[in-house]
> 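Structure in structure tokens, see below.
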Amino acid sequence: MTNKSAQQKTDILLTQPVPEAIDEILLRDYQVHRLYQASEPNAMLAEIGSLIKGVVTGGAKGLSREIMAQLPALKIVAVSGIGTDAVDLAYAAERGIFVTTTPGVLTDDVADMALGLLIATLRQMSEGEQVVRAGRWPQTTLPLARKVTGTTLGIVGMGRVGQAIAKRAAAFDARILYTSRAAIPGLPYPFVADLHALAQEVDVLVLAASADGGEVIIDASVLEALGPDGYFINVARGKLVDEAALLTALREKRIAGAGLDVFANEPHVPEGFFTLPNVTLQPHRASATLQTRLAMGNMVLENLAACFNGQLPPHRV
Ligand code: 8YV
């Protein structure tokens, strides 16, 4: 699919930017339309929607039924990510539209971020940094932090990411427990079927579950079970958490702290989080390294190429 003229090129729609090297290949092989640059996205869709055969989107952004309905020629939704919770899979299946993801290549980064948030939160690194940056060190004595090594960790969702988190936590001599839809044969960590029992048992609860079910799983009662010495880390999806309950639990010190990479209504974060000293906040950056985003982009390219060459895309869900 190289050097085609604009008329021959397949029209694709990008809902968000991709790394430059991937963008260059997309521009070479496709007629690229950028929804994220449109000042009036609806007007853009009305104008070019009928041409679009492929969409490249992110896991968090996904593709709504409303937009898909405006793309009558759509053949593939290529997600640069692993989450399909923001794509209307049932509607895509009804229309025979492929939905593809980029499994495997972002596992390490997401697990690294989970450990980063865990260490930063327990060791109060963001508060410490603010003290230094603001020149307040001379007049500040921070409270003592919480030791990371030897902690008890509860992982919620033991897929690829959950297992990679466990592997890293093991290097910190953590005792690791997990919950999942079912126990996973061959794993050396105890399975705890009940989430509340898990939360009660651990020092740190790490959410790494898929959000395909869409429902809130971390609510006030789970946070209550985690308790005033417990920490919550989220590298999965904000929609899995009752954010208002989390905010209250943090404010009232019903839990000790939280490290959050994801939020229910990204990129908007409830302002209540901003002033809390016991949280570490990230703008959904778990897979945002150049190396990983390039690997994800290459898988997107493979999926698109297969689809438009009449083959089955290798990473379809
Ligand atoms: C990215 C993600 O934020 O994989 C996912 O589902 O949420 C993240 O990796 C996103 O997909 C970037 O495009």
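Just so you know, these numbers come straight off a predicted model, no measurement behind them. Whatever order the structure lists them in is the order used to number ligands and atoms, beginning at 1.
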> Tell me the contacting part of Val79 for ligand 1: side chain, backbone, both, or neither, using a 4.0 Å heavy-atom threshold, strictly below.
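Answer for Val79: neither.
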> With respect to atom 8 (C) of ligand 1, which of Ser287, Gly59, Gly81 exhibits the smallest heavy-atom separation?
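Result: the heavy atom closest to atom 8 (C) of ligand 1 is in Ser287.
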> Determine whether the side chains of Thr102 and Ser80 contain a donor N or O and an acceptor N or O closer than 3.5 Å.
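Their side chains do not contain a donor-acceptor pair, so the 3.5 Å distance test is not met.
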> Taking only heavy atoms of Gly83, which atoms of ligand 1 are found under 4.0 Å from at least one of them?
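Listed by number with element, the hits are 4 (O), 5 (C), 6 (O).
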> Within the supplied structure, the quantity of interest is the number of heavy atoms (other residues, nucleotides, ligands) at a distance under 6.0 Å from Glu40 CD; does it exceed 12?
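12 or below, so no.
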> Touching ligand 1 at all, Arg237? Heavy atoms, strictly under 4.0 Å?
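The answer is yes: ligand 1 sits under 4.0 Å from a heavy atom of Arg237.
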> Between Thr179 and Phe191, is there a side-chain heavy-atom distance shorter than 4.5 Å?
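Of all side-chain heavy-atom pairs linking Thr179 with Phe191, at least one is under 4.5 Å.
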> Which of the numbered atoms in ligand 1 are under 4.0 angstrom from any heavy atom belonging to Leu106?
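Checking each atom against Leu106, I get 4 (O), 9 (O).
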> Take atom CZ of Arg65 as the centre, draw a 6.0 Å sphere, and report whether it contains more than 12 heavy atoms from other residues, nucleotides or ligands.
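Count over threshold, so yes.
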> Give the numbers and elements of all ligand 1 atoms closer than 4.0 Å to a heavy atom of Arg293.
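Counting from 1, the qualifying ligand atoms are 1 (C), 3 (O), 12 (C).
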> For atom 3 (O) of ligand 1, what is the nearest protein heavy atom, given as residue, atom name and distance?
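Its nearest protein heavy-atom neighbour is His284 NE2, 3.0 Å.
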> Would you please determine whether Lys61 falls within less than 4.0 Å of ligand 1 on a heavy-atom basis?
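Lys61 does not count as a contact of ligand 1 under the 4.0 Å cut-off.
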> Could you tell me which atoms of ligand 1, counted from 1 in the order shown, lie closer than 4.0 angstrom to a heavy atom of Gly58?
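Listed by number with element: 11 (O), 13 (O).
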> Given Val32, which of Leu14, Asp23, Val18 fulfils the side chain to side chain contact (heavy atoms under 4.5 Å, CB included) condition?
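Running side chain to side chain contact (heavy atoms under 4.5 Å, CB included) over Leu14, Asp23, Val18 with Val32 returns exactly one hit, Leu14.
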> Does Met125 have more than 12 heavy atoms from other residues, nucleotides or ligands lying within 6.0 Å of its CE?
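12 or below, so no.
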> Just need the protein heavy atom nearest to atom 4 (O) of ligand 1, so name the residue and atom and give the distance.
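Looking at atom 4 (O) of ligand 1, the protein heavy atom closest to it is Ile82 N, 2.7 Å.
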> Could you tell me whether the side chain of Lys53 reaches within less than 4.5 Å of the side chain of Asp11, counting heavy atoms only?
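No - every pair of side-chain heavy atoms lies 4.5 Å or more apart.
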